[in-house]
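Written out below as structure tokens is the structure these notes cover.
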Number of protein chains: 2
Amino acid sequence: MPEIKLQHILTMRELMLIGAHHNFVEVTTTNLGRVIGRSQQAASKHLMELEASGYLERSRKGQKLVVRITDKGFSEIQSLFTSLKAAVELSPVLRFEGKVVQGMGEGAYYLSLEGYRKQFKEKLGYEPFPGTLNIKLTDKVFTDARREIDKYHSIFIHGFSDGKRTYGWVKCYPALVNDGQIAEAAVLVLERTHYDDSMLEVIAPVSIKKTVGIENGDRVKVNVQLMIKTD
Amino acid sequence: MPEIKLQHILTMRELMLIGAHHNFVEVTTTNLGRVIGRSQQAASKHLMELEASGYLERSRKGQKLVVRITDKGFSEIQSLFTSLKAAVELSPVLRFEGKVVQGMGEGAYYLSLEGYRKQFKEKLGYEPFPGTLNIKLTDKVFTDARREIDKYHSIFIHGFSDGKRTYGWVKCYPALVNDGQIAEAAVLVLERTHYDDSMLEVIAPVSIKKTVGIENGDRVKVNVQLMIKTD
DNA sequence: ATTACTATTTCGCGAGTAA
DNA sequence: TTTACTCGCGAAATAGTAA
């Protein structure tokens, strides 16, 4: 979530477009105001506020100003950009709704194996909380959707062997829990699953039950972000 | 420039993440308020305002709401996304400043040739206004930068022959004029140029002189958006 | 010309609450 | 439970202007 104030986005964008990230550039508040569609005074205030937040450096050069965007400021814009990217590129979505049920404890065991952990960290960007959320799908429309999921692109976790036995592959589908309460989660499809099409297994970097505040028996929503083929 | 109000972009983002672009989805304003970090009332107002602007469709389903983002709404977010993409990905920038001078009228003639026009339309996304802006670079720092431009990636317009004679290639470098006053322009580098390193030739879909309000002799700024190699 | 102060207005948000 | 109204506060914008 961006900490940057929304009204500063256009200002930051224009500054970046004229190269203010890597160098100091000369600006006038009158011109900046015009390109962001605000007054000269608003542009002036934006620059002062952005400086106060540590998003840019600003100093006088004669009567004009020179400014440079800091790395902190740049990464704010970048993170907003990334989240919009997800919104425009990761639709459509498969929607599920069901009841939280007790898992068999197997999920936690598997996820803790180094052979999986390393790949999760590398491919999902986080290490899953040890423990999966098991959801019993309650409605036909959801179990139907559950059978669709295989058709779409997934993040593939390879199986491996520890010498004694082999462990199957895992497909991960990035998902949201309860419309954004947890924005970084994944539905898992296991090669060797003990579950049926009415079950959904979900991981996240945090404990989903604690974060969302749910118990076994409660209803929960999961939106799977189906990835569009990138050409 | 997005017409959408900045305070609505988080709302639109969350709706898109739960699949509201292609389907109607059920939302409650309480939950939406939580995920956008605002109150239930604010979420409710956002949805009403977005509907009034034609960015989403909204109707009651019992006590709850179902909403769907319109194509108009989607393209608003997409265009904001695109402009941020330019800001985060197209840096660094080469900056020029110089004096508008009278061209020889050759530019307009060349650009009007079908062999060029078709390619401009296809590769730049617009047909150039018939007439180039010629800028005399005044400072050593700018003529030095002018010699750098060849090193960077450009949009390449192929030369062609009309049977009587051949016409050389043209390299286009997307640029801004006067810090965003014209956001869609391009610096041209011609295979057979009559100009030297102190000259810059710029095109845009509109008349630059009229749009910016400048005459021969006035000073003008051009920011060339150097494209980073995409891997 | 410029920035940025003060005053004023407009706008967005949350609280309280009706339906 | 829900949505969405009114009201009041504070944030953010513009206008006017000093320096």
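These numbers come from a predicted model, not from an experiment. Per chain, numbering begins at 1; letters A, B, ... match sequence-line order.
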Rounded distance (Å) that lies between atom [atom2] of [N] and atom [atom1] of [X]:
| X | N | atom1 | atom2 | answer |
| --- | --- | --- | --- | --- |
| Arg38(A) | dC11(C) | CZ | P | 11 Å |
| Leu32(B) | dC13(C) | CG | C1' | 14 Å |
| Ile4(A) | dA11(D) | CD1 | P | 18 Å |
| Leu10(A) | dA12(D) | CG | C1' | 14 Å |
| Leu6(A) | dG12(C) | CG | P | 12 Å |
| Glu49(B) | dT3(D) | CD | C1' | 15 Å |
| Gln7(A) | dT10(C) | CD | C1' | 14 Å |
| Lys5(B) | dA12(D) | NZ | P | 15 Å |

NA contact type, Lys61(A), heavy-atom cut-off 4.0 Å: base, sugar-phosphate, or nothing?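 Since no nucleic acid heavy atom lies under 4.0 Å of Lys61(A), the category is nothing.
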Closer than 4.0 angstrom, basic N to acidic O: yes or no for [X] and [Y]?
| X | Y | result |
| --- | --- | --- |
| Arg147(B) | Asp144(B) | yes |
| Asp218(A) | Lys209(A) | no |
| Glu49(B) | Lys5(B) | no |
| Glu97(B) | Arg219(B) | yes |

Side-chain N,O (Lys45(B)) to OP1/OP2 (dT3(D)) below 4.0 Å: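 Checking Lys45(B) against dT3(D): no side-chain N or O falls below 4.0 Å of OP1 or OP2.
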Looking at dA13(D), I'd like to know if its phosphate oxygens (OP1 or OP2) sit under 4.0 Å from a side-chain N or O belonging to His46(A).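 Yes.
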Atom pairs, protein N/O to nucleotides 3-6 of chain C N/O, distance under 3.5 Å:
from: dT3(C); atom 1: OP1; to: Thr29(A); atom 2: N; distance (Å): 2.9
from: dT3(C); atom 1: OP2; to: Thr29(A); atom 2: N; distance (Å): 3.3
from: dT3(C); atom 1: OP2; to: Thr29(A); atom 2: OG1; distance (Å): 2.6
from: dT3(C); atom 1: O3'; to: Arg60(A); atom 2: NH1; distance (Å): 2.9
from: dA4(C); atom 1: OP1; to: Arg58(A); atom 2: NH2; distance (Å): 2.8
from: dA4(C); atom 1: OP2; to: Arg58(A); atom 2: NH2; distance (Å): 3.2
from: dA4(C); atom 1: N7; to: Gln40(A); atom 2: NE2; distance (Å): 2.7
from: dA4(C); atom 1: N6; to: Gln40(A); atom 2: OE1; distance (Å): 2.9

On a heavy-atom basis, which atom in Val100(A) and which in Glu215(A) lie closest, and how many Å separate them?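 Heavy atoms only, the tightest pair is CB-O, 3.6 Å.
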Among Leu10(A), Leu84(A), Thr82(A), which residue satisfies the side chain to side chain contact (heavy atoms under 4.5 Å, CB included) criterion with Leu84(B)?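 So, applying the side chain to side chain contact (heavy atoms under 4.5 Å, CB included) to Leu84(B) and each of Leu10(A), Leu84(A), Thr82(A), only Leu84(A) qualifies.
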How are the rings of Phe142(B) and Phe96(B) set to each other: parallel, tilted or perpendicular (split at 30° and 60°)?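 The rings of Phe142(B) and Phe96(B) sit tilted, inter-plane angle from 30° to 60°.
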Axis-to-axis angle across the helix from dT2(C)-dA19(D) to dA19(C)-dT2(D), five pairs an end, to 10 degrees?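 Inter-axis angle at the termini of the helix from dT2(C)-dA19(D) to dA19(C)-dT2(D): 30°.
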For Tyr126(B) and Phe120(B), I'd like to know if the aromatic rings sit close, meaning centre-to-centre distance below 6.0 Å.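 Between Tyr126(B) and Phe120(B), the centre distance exceeds or equals 6.0 Å.
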With distance as the sole criterion, is a donor-acceptor pair present between the side chains of Asp179(A) and Asn223(A) under 3.5 Å?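 Yes, because at least one side-chain N or O of Asp179(A) sits under 3.5 Å from a partner of the opposite role on Asn223(A).
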